[in-house]
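Taking it in order: structure first as structure tokens, then the write-up.
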There are 2 protein chains.
Amino acid sequence: MIEAIPQTQTRADEAFDCLQTAIVKGELAPGEKIGELELCQRFQLTRGPLREALGRLESRGLLVRRPHAGVKVVSVSTEELLELYRIREVMEGLAARQAAARMTDEEVAGLQATLDAHEAMIEQAQGQAYYQAEGDYDFHHRIATGSRNTKLAQMLLGDLYYMVRMYRYRLSTSAGRPHRALGEHRRIVEAIAQRDGELAEFLMKRHINAARRNIEQKIEEGLLSF
Amino acid sequence: MIEAIPQTQTRADEAFDCLQTAIVKGELAPGEKIGELELCQRFQLTRGPLREALGRLESRGLLVRRPHAGVKVVSVSTEELLELYRIREVMEGLAARQAAARMTDEEVAGLQATLDAHEAMIEQAQGQAYYQAEGDYDFHHRIATGSRNTKLAQMLLGDLYYMVRMYRYRLSTSAGRPHRALGEHRRIVEAIAQRDGELAEFLMKRHINAARRNIEQKIEEGLLSF
DNA sequence: TCAATCATTTTTGTTAACAATAAAGCGGAT
DNA sequence: ATCCGCTTTATTGTTAACAAAAATGATTGA
């Protein structure tokens, strides 16, 4: 009974994780036709589990698959990234509202703690992009789970966030504006702590809206062209 | 070139479709442990494609799968159905807003035509539940695609609507209130036709909110207990 | 020289046999 | 009699061989 969790990770699960991170990190070029055999020897597995993983990834929209024509990673555009942010705006607004009503006090405290850690990280490391992104991801992750809305959390954590991260890697869009984002995060947590769901929703929507406009601006400046 | 679309439907696709409809229609009981072999001979296919389809369905949250323990259809609760409507409210609100800005005039005309057909159907058939549900589905379907937001449409059409239909079958929740819903639909289309995105979003949110409260009321009356 | 058709070859889709794991049933001991 | 442990068994996970389809390349005709 040393093993508390049996959790026999199946090969298909491994394949799914490996491929997902590989796609998100851009190690697999978009549009590139990629063979199953190649993937097999690359990730050290056989075609059965691989195909199962491919099916899951296709279902999630990370790659497209034409019968007998192979798989290729989805092509991405800046327009689609902006559309993703529009979806995030309404969904995470809902998540914040429900989180304000349903999060336990302990969860709220944990949320504040992550913000403190995040602030220290920014000051110390001058806002290194990686930790910045990681902190941001942690924040939104906690609120999504805090909503206690199973399907909502599933859609955000399982679909949208992976998509956003993929686009960000592809377009090398660092989150930018670390201090300002942190301030917005603080206000959102404040509203949640006061159990003010409407305010939390409003602030979260404005927060994501600002992030989207920030990307739009960069595009106009030609910094994100590709 | 008689064949415009090659579309070699693969067996895994067939399996996916068959299983999805079977789950949605409630032909597979929730919680029931169901063997792969049983599914194979039931749908006349082998385990390879079947497993691929199972992976996709698991990824979409229609069934859960524990390693070596088999698959079972997700259990559902009225609370989760209400949560689905909360998600629909914000997502379809967004869809309506974007549809107002992006739908072509032809699409708007088509939307109005479906509403006319729907109205005729209701008067003639005294609002038979099936056609009622079908018309409702068609309406929301058109707006989702009309938003021109690829991921949004994918999430609504590929995930949420199947979920909602499954819950409705399980809880035998007929949509109810056909005339009132039709009127709400008309107002939404009106707003879209006038390219008033904000109004369309507001009306759509209120429409879905009303549907949710209708279900809540039925639950309180004990009509939906199970 | 270019185009079109046919054969080759690669790659995907499918199937069936094999291995591993967990559930279930049986037996013994307390 | 009940509980614990072991063995059995059935089901899942995996692998490799097989079949089919499409892309590629060469050859032949115009």
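Everything quoted here is computed from the prediction, not taken from an experiment. Order of the sequence lines sets the chain letters (A, B, ...), proteins ahead of strands, with each chain counted from 1.
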#### Entry: Most 5' of B:Lys33 and B:Leu45 on DNA chain C, judged by nearest nucleotide
B:Leu45
### Task
Using the test ring pair (Phe, Tyr, Trp, His ring centres under 6.0 Å), find all partners of B:Tyr85 that sit at least two apart in sequence or belong to another chain.
none
### Query
Less than 3.5 Å between a donor and an acceptor, one on the side chain of A:Arg47 and one on the base of C:dG13, is that the case here?
yes
### Query
Closer than 4.0 Å, any side-chain N/O of B:Thr10 to the OP1 or OP2 of C:dT12?
no
### Closest nucleotide among D:dT14, C:dT15, D:dA21 to the A:His68 side chain
D:dA21
### Query
Do A:His140 and A:Tyr161 touch side chain to side chain, with heavy atoms closer than 4.5 Å?
yes
Give every pair of a protein N or O atom and an N or O atom of nucleotides 7-10 of chain C that lie under 3.5 Å apart, one pair per line with the distance.
none

### Query
With sugar-phosphate meaning primed atoms plus P, OP1 and OP2, does A:Gly48 contact a base, only sugar-phosphate, or nothing at under 4.0 Å between heavy atoms?
base
### Message
Output the rounded distance in Å from CD (B:Gln9) to P (C:dT14).
### Response
10 Å
### Minimum-distance nucleotide to A:Arg65 side chain [options: D:dT14, C:dG13, C:dA23]
C:dG13
### Salt-bridge present (B:Arg148, B:Glu107; N to O < 4.0 Å)
yes
### Query
Are B:Glu80 and A:Lys151 ion-paired here, with the side-chain N under 4.0 Å from a carboxylate O?
no
### Task
Nearest whole angstrom, please: distance from the P of D:dT12 to the CD of B:Glu58.
14 Å
### Query
Using 4.0 Å as the upper bound for N to carboxylate O, is an ion pair formed by B:Arg65 and A:Asp13?
no
### Interatomic distance where CG belongs to A:Leu39 and P belongs to C:dT11 [whole Å]
12 Å
### Query
For the pair made of CD in B:Glu14 and C1' in C:dG13, what is the distance, rounded to whole Å?
12 Å
#### Entry: Partner of B:Arg56 under side-chain contact (heavy atoms from CB on, under 4.5 Å), chosen from B:Glu58, B:Arg60, B:Glu52
B:Glu52
#### Entry: Length of the CZ-C1' vector between B:Arg51 and D:dT11, whole Å
11 Å
### Query
Using 30° and 60° as the class limits, which term best fits the ring planes of B:His118 and B:His185: parallel, tilted or perpendicular?
tilted
### Message
Nearest to the A:Thr46 side chain among D:dG13, D:dT14, C:dT14, which nucleotide is it?
### Response
D:dT14
#### Entry: Euclidean distance, atom CZ of residue B:Phe43 to atom P of C:dT14 [Å, nearest integer]
17 Å
### Query
Just checking, is any N or O donor in the side chain of B:Gln98 or A:Glu83 under 3.5 Å from an acceptor N or O on the other one?
yes
#### Entry: Whichever of A:Ala69 and A:Ala12 has its nearest DNA chain D nucleotide further upstream toward 5'
A:Ala12
### d(CG, B:Asp13; C1', C:dG13) in whole Å
11 Å
### Message
Side chain of B:Pro49, heavy atoms from C-beta onward: which of C:dG13, C:dT15, D:dT14 has the nearest atom to it?
### Response
C:dT15
### Summary
Picking from D:dT14, C:dT14, D:dA23, the nucleotide nearest the side-chain atoms of A:Arg66 would be D:dA23
### Summary
Of the candidates D:dG13, C:dT12, C:dT15, the side chain of B:Pro67 sits closest to D:dG13
### Query
How many Å lie between NZ on A:Lys72 and P on C:dT11, as a whole number?
18 Å
